[in-house]
Amino acid sequence: MQENFTEIPNSKLQIKKGEWTDDSAMALALADSLLSCHGFDPRDQMQRYHRWTFTDTGYCSSRPTAFGFGQTFLKALLDSEKHDTPYPGNINPRRPGNGSLMRLAPIPIYFFNDLEQTVEYAGLSSQVTHGHPDSVYGTRLFARIIHHALKGQEKAELLQQPPEPEAPELTPSPFRPLPEKYRDKPMEAIDGTFFAAQSLEAALWCFTQTDTFKDAIRLAVSLGGDTDSTAAVCGQVA
């Protein structure tokens, strides 16, 4: 990866230096909602995601129009409008996406003083667009990790976080990340995909293998695949 690139080679989006993608755009919209509503409001969040996606105002975007969002996110927006609900319940069993992980940081920041609220609202923030149990599970687990990082917990302790306890509404799944299993994997066994479990595993693996923010992000990008999301997830804790 060149130091002074202007565009990322082979990127279908041709991202220019300084531009952010859908990951950061949704994080900005989520933060905007929390501040404007003085708390968690799923309808307002959905409205802001809708505004970012379907208008040409450049709201929260680095370009005049939105780009980079996935099928799960788009279908959730359309279903929400069709059924007038902030939790459209769009659960495709084959697409437990990472969209709620890559935008998560505003939740643990806003609810900094309350771990229980942080985890609860993290899960609900996932259900706004990514209702698959694996997505919700991973988002709740990652919210706990970010919370403890913000509280100043040392890196070694962060990496010893136990798996997120099963919430009553979540069914068991073999695809959820278990911290004790990813740390010693070789790089070739790490897969930076858009699936929630693999995305979180890849991001945390990059965090474990490096000692600086810059190195963590470089490693996340070097994995290939859904690079902006792996780097966005990793960056929140790094």
Side-chain angles (χ1 to χ4, degrees), residues 20 22-55 57 59-61 66 69-70 72-91 96-151 153 161 163-171 176 196 199-200 203 229 232-233 235-237:
W20 61 89
D22 56 313
D23 310 58
S24 295
M26 284 193 283
L28 290 170
L30 176 57
D32 199 5
S33 178
L34 291 167
L35 292 172
S36 299
C37 297
H38 305 288
F40 189 89
D41 186 329
R43 287 189 180 277
D44 185 78
Q45 291 168 33
M46 184 60 84
Q47 289 170 3
R48 291 176 190 277
Y49 296 148
H50 192 279
R51 177 181 171 188
W52 165 66
T53 306
F54 296 114
T55 66
T57 62
Y59 175 69
C60 292
S61 180
F69 51 85
T72 300
F73 173 81
L74 181 59
K75 189 174 188 308
L77 260 63
L78 296 175
D79 287 351
S80 175
E81 186 174 42
K82 180 179 179 180
H83 302 293
D84 189 28
T85 173
Y87 299 115
N90 176 32
I91 304 176
N98 60 7
S100 53
L101 286 165
M102 63 196 192
R103 67 177 185 235
L104 179 62
I107 295 287
I109 292 174
Y110 189 87
F111 296 102
F112 174 74
N113 291 319
D114 193 319
L115 175 59
E116 186 175 337
Q117 282 192 330
T118 294
V119 173
E120 177 67 16
Y121 287 126
L124 291 175
S125 76
S126 179
Q127 293 181 51
V128 171
T129 57
H130 291 72
H132 192 288
D134 285 6
S135 300
V136 177
Y137 177 95
T139 305
R140 287 169 58 96
L141 171 60
F142 193 42
R144 278 199 295 127
I145 292 173
I146 297 177
H147 171 86
H148 290 302
L150 291 172
K151 289 288 187 179
Q153 192 172 87
Q161 291 293 326
E164 164 65 11
E166 292 287 352
E169 70 274 14
L170 301 183
T171 56
R176 292 183 187 147
S199 178
L200 181 56
S229 296
V233 177
Q236 292 175 73
V237 65

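Here the structure is a predicted model, which is why all the values come from computation and not from measurement.
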(request) Inspect the contact between Arg51 and Asp44 and indicate whether a charged nitrogen and a carboxylate oxygen are less than 4.0 angstrom apart. (result)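 No.
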Which distance, rounded to the nearest 0.5 Å, do you find between the [atom1] of [X] and the [atom2] of [Y]?
X	Y	atom1	atom2	answer
Leu124	Ile107	CG	CD1	8.5 Å
Leu28	Ser33	CG	OG	12.5 Å
Asp79	Asp84	CG	CG	12.5 Å
Ile145	Gln236	CD1	CD	11.0 Å
Tyr110	Gln117	OH	CD	9.5 Å
Gln45	Asp32	CD	CG	11.0 Å

Ignoring hydrogens, what is the shortest heavy-atom contact between [X] and [Y]? Give both atom names and the distance.
X	Y	result
Pro108	Ile146	CG-CG2, 3.5 Å
Val233	Ala203	CG1-CB, 3.5 Å
Ala29	Arg48	O-CD, 3.6 Å
Ala25	Trp52	CB-NE1, 3.4 Å
Thr118	His147	OG1-ND1, 4.1 Å
Pro96	Asp134	CB-CB, 3.8 Å

Whether the side chain of [X] engages the backbone of [Y] through a donor-acceptor N/O pair (distance < 3.5 Å, no angle test) should be reported.
X	Y	answer
Thr85	Ser80	no
Ser199	Ala196	no
Ser135	Gly97	yes
Arg103	Ser125	yes

Given side chains that start at C-beta, do those of [X] and [Y] come closer than 4.5 Å, heavy atoms only?
X	Y	value
Val128	Tyr49	yes
His132	Tyr137	no
Leu101	His130	no
Thr129	Thr72	no
Leu77	Thr53	yes
Lys151	Asn113	yes

(request) For Phe111, check ring-ring contact (aromatic ring centres under 6.0 Å, His included) against everything at least two apart and list the hits. (result) Tyr121
